[in-house]
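Everything below concerns the one structure shown next.
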Number of protein chains: 2
Amino acid sequence: MLHLLITPDIILLVVRDSIQILQAQGYKITKPRKQVLKALEETQEPLSPYDIQRILRQQGKYLNHVTIYRILDLFRRLNLAHRVLSSGGFVKCALRDKQGCHRLMVCRCCGALQEFIDDKLCQHESELAQNSGFHTEYHLSESSGICSDCYKKQ
Amino acid sequence: MLHLLITPDIILLVVRDSIQILQAQGYKITKPRKQVLKALEETQEPLSPYDIQRILRQQGKYLNHVTIYRILDLFRRLNLAHRVLSSGGFVKCALRDKQGCHRLMVCRCCGALQEFIDDKLCQHESELAQNSGFHTEYHLSESSGICSDCYKKQ
DNA sequence: GCTTAATTGCAACAATGTTGCATTTATTGA
DNA sequence: TCAATAAATGCAACATTGTTGCAATTAAGC
Ligand SMILES: [Mn+2]
Ligand SMILES: [Mn+2]
Ligand SMILES: [Zn+2]
Ligand SMILES: [Zn+2]
């Protein structure tokens with residue numbers, strides 16, 4: 001339901017990219033880490049730690065939930081993934097939002113997520129914050145509404 | 001830590017206002033509901049259901065956690081309160097953000113929250129969404145950064 | 001004061017998240 | 001290729017958070 005066009009090619013590319021980042025920072029490339037990366041990449045929805053465990057289990061792979069929590073925490077710190085605020089799930093960060101700015105639109109009917117980026121918006125928002133002395137580092141925001149599909153159906 | 005100037009006068013005003021809304025919609029004005037409202041109003045931070053339970057217990061008032069969950073759910077539906085996405089807590093909505101648009105800045109050092117409103121920002125964001133067919137109903141977004149106090153200390 | 005529908009409390013349970021420590025594994029370089 | 005070793009994982013035990021069905025209570029209206 002994450003409305004980003006993710007083809008198998010891109011998945012491979014992005015997974016490899018993430019692995020390079022892990023390596024560059026001195027983290028081991030372990031089987032569990034690769035599996036969590038792949039799950040986040042392939043699934044078109046935000047995944048909670050337990051979602052990921054379920055998905056992997058269905059593929060005959062068992063990871064302890066503690067391990068998954070720790071891996072997701074690492075990914076978050078490295079900006080390889082980020083939380084979806086409203087659901088508490090995690091999504092894999094696409095290459096294009098490396099800047100650390102994540103804006104989501106969430107459809108209240110079907111739960112569809114759409115991520116977008118707009119520099120002017122970030123700038124405007126940062127300026128507003130600045131006016132009250134706040135120094136913005138990154139935006140992780142969600143808007144609520146109705147996606148085009150659900151809108152047509154009404 | 002919620003940087004909104006909330007004086008005892010305003011608390012009384014806003015609590016009364018919320019009670020009118022409850023009444024107008026045919027909901028009973030019960031002791032538990034008044035207590036949860038007051039706790040949200042008086043506390044300067046977002047409160048989780050269990051936070052609220054703790055606070056009230058310290059005042060010798062016991063509410064079952066199930067009750068608190070149900071009350072918060074009702075408040076949310078009536079737009080008397082809304083969730084703080086990053087913490088999972090709830091904040092009481094001030095009168096001025098009745099429009100249903102809630103923008104927060106969260107300090108990653110001290111956790112301070114600052115809520116603000118900017119029509120131009122909402123408009124810009126809605127337009128962007130519209131471009132991809134998304135119909136925005138309300139914004140509930142959070143930016144991350146450093147508040148003025150923490151910035152000075154560095 | 002009654003009546004009654006709405007609300008709350010309770011019990012039992014399910015899901016989510018955390019910590020300390022033993023075991024395993026990926027990396028390095030001999 | 002194989003040991004050494006630091007890093008990562010698994011496990012157990014626990015803590016916190018959230019849900020459901022049903023009985024008891026309560027606020028609102030007469
Ligand atoms: Mn992202
Ligand atoms: Mn608000
Ligand atoms: Zn939709
Ligand atoms: Zn601060």
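Remember, predicted model here, so these are calculated numbers, not experimental data. Sequence lines set the chain letters: A, B, ... in the order given, protein chains first and strands last, and positions in each chain run from 1.
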Judged by modelled atom types alone, do Ser86(B) and Glu142(B) share a side-chain donor-acceptor pair under 3.5 Å? yes

Using only heavy-atom distances, determine whether the side chains of Asn64(B) and Thr67(B) contain a donor-acceptor pair under 3.5 Å. no

Pair Ser141(B)-Arg103(B), side-chain donor/acceptor within less than 3.5 Å: yes

Would a 4.5 Å heavy-atom cut-off, applied to side chains only, mark His65(B) and Pro49(B) as touching? no

Position toward the 5' end of DNA chain C (nearest nucleotide), Pro32(B) or Thr30(A): Pro32(B)

Going 5' to 3' along DNA chain D, between which two nucleotides do contacts with chain B fall, using a heavy-atom cut-off of 4.0 Å? dT17(D) to dA28(D)

Regarding Asp73(A) and Arg77(A), does a basic nitrogen lie under 4.0 Å from an acidic carboxylate oxygen? yes

When every non-hydrogen atom of Ala39(B) is compared with those of Ile52(B), the smallest separation belongs to CB-CG2, 4.4 Å

For Asp51(A) and dT16(C), what is the distance between atoms CG and P respectively, to the nearest whole Å? 7 Å

Are His124(B) and Glu125(A) close enough that a side-chain donor and a side-chain acceptor fall under 3.5 Å? no

In whole Å, I'd like the distance from the CZ atom of Phe75(B) to the P atom of dT7(C). 11 Å

For DNA chain D, which residues in residues 60-70 of chain A have a heavy atom at a distance below 4.0 Å? Tyr62(A), Leu63(A), Asn64(A), Val66(A), Thr67(A), Arg70(A)

Tell me whether the rings of Tyr69(A) and Tyr50(A) are parallel (<30°), tilted (30 to 60°) or perpendicular (>60°). perpendicular

In terms of side-chain heavy atoms, does His82(B) have a donor or acceptor partner in Glu115(B) at a distance below 3.5 Å? yes

Between P on dT8(C) and CG on Asp73(B), what's the gap in Å once rounded to a whole number? 12 Å

Length of the line joining Gln23(A):CD and dT27(C):P, which is rounded to integer Å: 7 Å

Give the rounded distance in Å between these two atoms: CG of Leu47(A) and C1' of dT16(C). 16 Å

Select from Lys28(B) and Arg54(B) the residue whose nearest nucleotide in DNA chain D is closer to the 5' end of that strand. Arg54(B)

Measure from OH on Tyr50(B) to C1' on dA15(C) and round the result to the nearest Å. 11 Å

